[in-house]
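The structure appears below as C-alpha coordinates.
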Amino acid sequence: MLDVVAVSAGYEAKTNVISDVSVRVGDGEIVTVLGPNGAGKSTLMRVIMGMLSPGSGEVRLGGKPLTGLSTRQIVRRGIALCPERRHLFPAMTVQDNLRLGAYSRPERTGVRQDMDRLTEMFPVLGKKRRLAAGVLSGGEQQMLTIARALMGRPKLLLLDEPSLGLAPILVETVAREIKSINADGLSVLLVEQNAHIALDIAARAYVLEGGRVVLEGSAAELTGDDKVRAAYLGLA
Ligand SMILES: Nc1ncnc2c1ncn2[C@@H]1O[C@H](COP(=O)(O)OP(=O)(O)OP(=O)(O)O)[C@@H](O)[C@H]1O
Ligand SMILES: [Mg+2]
(Lines give C-alpha, C1' and ligand atoms only; values in the text may rest on other atoms or scores of the structure.)
(Ligands and ions follow the chains in the order given, each with its own letter.)
Protein backbone atom coordinates (compact mmCIF):
# COMPACT_ATOMS: atom_id res chain seq x y z
CA MET A 1 0.00 0.00 0.00
CA LEU A 2 2.27 2.82 1.26
CA ASP A 3 6.05 2.83 1.05
CA VAL A 4 8.07 5.69 2.45
CA VAL A 5 11.59 5.00 1.24
CA ALA A 6 14.63 6.68 2.78
CA VAL A 7 12.94 10.07 3.03
CA SER A 8 14.74 13.13 4.37
CA ALA A 9 12.87 16.40 4.74
CA GLY A 10 12.77 19.65 6.64
CA TYR A 11 11.83 23.30 6.52
CA GLU A 12 13.63 26.40 5.37
CA ALA A 13 14.38 27.33 8.97
CA LYS A 14 15.25 23.77 9.96
CA THR A 15 16.46 21.65 7.09
CA ASN A 16 17.05 18.26 8.75
CA VAL A 17 13.86 17.31 10.53
CA ILE A 18 13.52 13.74 9.30
CA SER A 19 16.48 11.77 7.97
CA ASP A 20 16.48 8.57 5.96
CA VAL A 21 13.05 7.50 7.21
CA SER A 22 11.53 4.32 5.76
CA VAL A 23 8.03 3.30 6.79
CA ARG A 24 5.71 0.75 5.23
CA VAL A 25 1.99 0.24 5.59
CA GLY A 26 0.68 -3.02 4.14
CA ASP A 27 -2.79 -3.53 2.67
CA GLY A 28 -5.38 -3.42 5.43
CA GLU A 29 -2.75 -2.88 8.11
CA ILE A 30 -2.72 -0.47 11.07
CA VAL A 31 0.79 0.86 11.60
CA THR A 32 1.77 3.31 14.29
CA VAL A 33 4.61 5.82 14.62
CA LEU A 34 5.62 6.62 18.18
CA GLY A 35 8.02 9.33 19.23
CA PRO A 36 8.53 12.30 21.52
CA ASN A 37 7.40 15.86 20.74
CA GLY A 38 9.38 17.32 17.89
CA ALA A 39 10.58 13.93 16.59
CA GLY A 40 9.21 14.68 13.14
CA LYS A 41 6.00 12.61 13.14
CA SER A 42 3.76 15.34 11.72
CA THR A 43 6.51 16.27 9.27
CA LEU A 44 6.45 12.69 7.97
CA MET A 45 2.68 12.95 7.50
CA ARG A 46 3.12 16.24 5.60
CA VAL A 47 5.64 14.62 3.25
CA ILE A 48 3.26 11.73 2.55
CA MET A 49 0.46 14.20 1.75
CA GLY A 50 2.66 16.23 -0.59
CA MET A 51 2.43 19.29 1.66
CA LEU A 52 6.20 19.24 2.01
CA SER A 53 8.64 17.96 -0.64
CA PRO A 54 11.32 15.59 0.57
CA GLY A 55 14.94 16.59 0.01
CA SER A 56 15.62 12.97 -0.87
CA GLY A 57 13.86 9.63 -0.87
CA GLU A 58 10.49 8.66 -2.25
CA VAL A 59 6.90 7.99 -1.23
CA ARG A 60 4.97 5.32 -3.17
CA LEU A 61 1.37 4.26 -3.08
CA GLY A 62 0.62 0.85 -4.54
CA GLY A 63 4.11 0.88 -6.04
CA LYS A 64 3.58 4.19 -7.88
CA PRO A 65 5.61 7.23 -6.82
CA LEU A 66 3.69 10.17 -5.37
CA THR A 67 6.66 12.49 -5.73
CA GLY A 68 5.75 15.75 -7.43
CA LEU A 69 2.00 15.30 -7.06
CA SER A 70 -0.05 18.01 -5.37
CA THR A 71 -1.91 17.29 -2.14
CA ARG A 72 -5.14 17.34 -4.12
CA GLN A 73 -3.85 14.69 -6.50
CA ILE A 74 -2.63 12.58 -3.59
CA VAL A 75 -6.08 12.79 -1.99
CA ARG A 76 -7.54 11.57 -5.30
CA ARG A 77 -5.12 8.63 -5.27
CA GLY A 78 -6.73 7.58 -2.01
CA ILE A 79 -4.90 9.04 1.00
CA ALA A 80 -6.67 11.18 3.59
CA LEU A 81 -5.08 13.04 6.48
CA CYS A 82 -6.69 13.89 9.81
CA PRO A 83 -4.36 16.61 11.00
CA GLU A 84 -3.28 17.13 14.58
CA ARG A 85 -5.27 20.29 15.13
CA ARG A 86 -8.75 19.77 13.83
CA HIS A 87 -9.12 21.67 10.61
CA LEU A 88 -12.89 21.89 10.64
CA PHE A 89 -14.96 24.80 9.37
CA PRO A 90 -16.43 25.91 12.70
CA ALA A 91 -19.20 28.10 11.28
CA MET A 92 -20.44 25.40 8.92
CA THR A 93 -22.81 22.65 10.03
CA VAL A 94 -21.64 19.15 10.84
CA GLN A 95 -23.42 17.98 7.71
CA ASP A 96 -21.68 20.49 5.46
CA ASN A 97 -18.31 19.65 6.95
CA LEU A 98 -18.97 16.01 6.09
CA ARG A 99 -20.02 16.94 2.54
CA LEU A 100 -16.76 18.83 2.09
CA GLY A 101 -14.90 15.63 2.86
CA ALA A 102 -16.44 14.16 -0.30
CA TYR A 103 -15.58 17.11 -2.55
CA SER A 104 -13.44 15.01 -4.85
CA ARG A 105 -16.20 12.44 -5.49
CA PRO A 106 -18.51 13.08 -8.42
CA GLU A 107 -21.34 10.62 -7.57
CA ARG A 108 -23.98 12.00 -5.23
CA THR A 109 -25.78 8.75 -4.28
CA GLY A 110 -22.67 7.14 -2.84
CA VAL A 111 -21.93 10.30 -0.91
CA ARG A 112 -25.39 10.28 0.64
CA GLN A 113 -25.03 6.60 1.57
CA ASP A 114 -21.67 7.24 3.21
CA MET A 115 -23.11 10.16 5.12
CA ASP A 116 -25.76 7.79 6.51
CA ARG A 117 -23.20 5.09 7.27
CA LEU A 118 -20.89 7.50 9.10
CA THR A 119 -23.62 9.12 11.15
CA GLU A 120 -24.59 5.60 12.19
CA MET A 121 -21.01 4.89 13.16
CA PHE A 122 -20.82 8.17 15.09
CA PRO A 123 -24.43 8.66 16.27
CA VAL A 124 -23.62 11.95 17.98
CA LEU A 125 -22.76 13.44 14.57
CA GLY A 126 -26.14 12.37 13.23
CA LYS A 127 -27.91 13.92 16.18
CA LYS A 128 -26.00 17.18 15.80
CA ARG A 129 -25.80 17.29 12.01
CA ARG A 130 -27.46 20.70 11.74
CA LEU A 131 -25.31 22.35 14.40
CA ALA A 132 -22.23 24.40 13.64
CA ALA A 133 -19.11 22.26 13.96
CA GLY A 134 -17.59 24.89 16.26
CA VAL A 135 -20.10 24.21 19.04
CA LEU A 136 -19.24 20.51 19.29
CA SER A 137 -17.08 19.32 22.16
CA GLY A 138 -13.43 18.52 21.48
CA GLY A 139 -14.12 14.81 21.27
CA GLU A 140 -17.08 15.30 18.96
CA GLN A 141 -14.96 17.51 16.72
CA GLN A 142 -12.33 14.78 16.63
CA MET A 143 -14.94 12.27 15.50
CA LEU A 144 -16.16 14.73 12.88
CA THR A 145 -12.60 15.14 11.60
CA ILE A 146 -12.25 11.38 11.20
CA ALA A 147 -15.73 11.00 9.66
CA ARG A 148 -15.00 13.83 7.24
CA ALA A 149 -11.76 12.16 6.12
CA LEU A 150 -13.66 8.91 5.56
CA MET A 151 -16.21 10.71 3.36
CA GLY A 152 -13.51 10.83 0.69
CA ARG A 153 -13.42 7.00 0.67
CA PRO A 154 -9.66 6.82 1.18
CA LYS A 155 -7.66 3.59 0.89
CA LEU A 156 -5.22 4.86 3.48
CA LEU A 157 -6.05 7.07 6.44
CA LEU A 158 -3.33 9.10 8.16
CA LEU A 159 -4.25 9.99 11.71
CA ASP A 160 -2.13 12.55 13.53
CA GLU A 161 -2.79 12.29 17.26
CA PRO A 162 -6.49 11.42 17.16
CA SER A 163 -6.63 11.15 20.95
CA LEU A 164 -5.14 14.60 21.61
CA GLY A 165 -7.17 16.39 24.25
CA LEU A 166 -9.78 13.67 24.56
CA ALA A 167 -11.13 12.23 27.79
CA PRO A 168 -10.02 8.60 28.35
CA ILE A 169 -13.46 7.25 27.53
CA LEU A 170 -13.48 9.06 24.19
CA VAL A 171 -9.96 7.85 23.47
CA GLU A 172 -11.36 4.34 23.71
CA THR A 173 -14.31 5.21 21.48
CA VAL A 174 -12.00 6.65 18.83
CA ALA A 175 -9.71 3.60 19.11
CA ARG A 176 -12.68 1.31 18.66
CA GLU A 177 -13.86 3.24 15.60
CA ILE A 178 -10.39 3.12 14.05
CA LYS A 179 -10.38 -0.65 14.49
CA SER A 180 -13.82 -1.03 12.99
CA ILE A 181 -12.95 1.17 9.99
CA ASN A 182 -9.84 -0.97 9.56
CA ALA A 183 -11.92 -4.14 9.68
CA ASP A 184 -13.71 -2.76 6.58
CA GLY A 185 -10.38 -2.91 4.74
CA LEU A 186 -8.94 0.57 5.26
CA SER A 187 -5.21 0.85 5.93
CA VAL A 188 -4.21 3.24 8.72
CA LEU A 189 -1.03 5.08 9.64
CA LEU A 190 -1.46 6.33 13.18
CA VAL A 191 0.66 8.84 15.08
CA GLU A 192 -0.16 8.78 18.77
CA GLN A 193 1.22 10.11 22.03
CA ASN A 194 -0.88 7.50 23.76
CA ALA A 195 1.38 4.52 23.09
CA HIS A 196 -0.84 2.14 25.05
CA ILE A 197 -3.73 2.69 22.66
CA ALA A 198 -1.51 2.81 19.59
CA LEU A 199 0.29 -0.47 20.32
CA ASP A 200 -3.01 -2.03 21.26
CA ILE A 201 -4.66 -1.41 17.89
CA ALA A 202 -1.63 -1.49 15.56
CA ALA A 203 -0.07 -4.56 13.98
CA ARG A 204 3.35 -2.95 13.61
CA ALA A 205 5.11 0.11 14.99
CA TYR A 206 8.03 2.44 14.37
CA VAL A 207 9.76 4.62 16.93
CA LEU A 208 10.93 7.95 15.55
CA GLU A 209 13.47 9.90 17.60
CA GLY A 210 15.32 13.00 16.45
CA GLY A 211 13.96 12.45 12.96
CA ARG A 212 15.28 8.89 12.62
CA VAL A 213 13.65 5.50 12.92
CA VAL A 214 15.40 4.02 15.95
CA LEU A 215 13.22 0.95 16.39
CA GLU A 216 10.65 -1.00 14.40
CA GLY A 217 8.80 -4.24 14.79
CA SER A 218 5.49 -5.87 15.50
CA ALA A 219 3.35 -4.14 18.11
CA ALA A 220 3.91 -7.16 20.35
CA GLU A 221 7.70 -6.93 20.00
CA LEU A 222 7.71 -3.22 20.79
CA THR A 223 5.35 -3.65 23.72
CA GLY A 224 7.91 -6.08 25.15
CA ASP A 225 10.91 -3.84 24.43
CA ASP A 226 12.51 -2.43 27.60
CA LYS A 227 13.21 0.97 26.08
CA VAL A 228 9.67 1.33 24.72
CA ARG A 229 8.23 0.22 28.03
CA ALA A 230 10.24 2.80 29.94
CA ALA A 231 9.97 5.72 27.51
CA TYR A 232 6.50 5.30 26.01
CA LEU A 233 4.44 3.01 28.18
CA GLY A 234 5.51 4.31 31.59
CA LEU A 235 6.32 0.79 32.72
CA ALA A 236 9.47 -0.21 34.58
N1 LIG B 1 6.76 24.94 9.55
C2 LIG B 1 7.89 24.67 10.22
N3 LIG B 1 9.00 25.45 10.07
C4 LIG B 1 10.13 25.17 10.74
N5 LIG B 1 10.30 24.15 11.59
C6 LIG B 1 9.23 23.35 11.80
C7 LIG B 1 7.98 23.57 11.13
N8 LIG B 1 7.12 22.60 11.52
C9 LIG B 1 7.79 21.83 12.39
N10 LIG B 1 9.06 22.27 12.56
C11 LIG B 1 10.10 21.68 13.41
O12 LIG B 1 10.33 20.35 13.00
C13 LIG B 1 10.53 19.49 14.12
C14 LIG B 1 9.55 18.33 14.06
O15 LIG B 1 8.23 18.82 14.15
P16 LIG B 1 6.97 17.88 14.01
O17 LIG B 1 5.78 18.75 14.10
O18 LIG B 1 7.13 17.04 12.81
O19 LIG B 1 7.12 16.98 15.30
P20 LIG B 1 6.14 15.91 15.94
O21 LIG B 1 6.88 14.65 16.11
O22 LIG B 1 4.87 15.87 15.16
O23 LIG B 1 5.87 16.53 17.39
P24 LIG B 1 4.54 16.55 18.31
O25 LIG B 1 4.51 15.24 19.00
O26 LIG B 1 4.81 17.65 19.25
O27 LIG B 1 3.35 16.80 17.41
C28 LIG B 1 10.39 20.37 15.35
O29 LIG B 1 11.66 20.72 15.78
C30 LIG B 1 9.63 21.58 14.84
O31 LIG B 1 10.00 22.72 15.55
MG1 LIG C 1 2.94 16.31 15.55
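Predicted model only: the values in this text are computed from it and were never measured. First listed ligand is number 1; within each ligand, the first listed atom is number 1. Index from 1, following the sequence.
- When the side chains of ILVMFWY residues are joined at heavy-atom separations under 4.5 Å, either directly or via intervening members, V31 and V207 end up in two distinct hydrophobic clusters.
- Between L131 and T93 there is no side-chain heavy-atom pair separated by less than 4.5 Å.
- By the 4.0 Å N-to-carboxylate-O rule, K41 lies too far from D160 to be salt-bridged with it.
- In summary, R60 and E58 engage in a salt bridge, as defined by a charged side-chain N under 4.0 Å from a carboxylate O.
- Here S42 reaches the Mg ion (ligand 2): one of its N/O/S atoms is less than 2.8 Å from the metal.
- Within 4.0 Å of ligand 1, protein heavy atoms belong to Y11, K14, V17, P36, N37, G38, A39, G40, K41, S42, T43, R46, E84, E161, Q193, listed by chain and number.
- Here R229 does not pair with D226 in a salt bridge; the nearest charged N to carboxylate O distance is not below 4.0 Å.
- Under a cut-off of 6.0 angstrom, the local environment of CZ in F89 is sparse, with at most 12 non-hydrogen atoms contributed by other residues, nucleotides or ligands.
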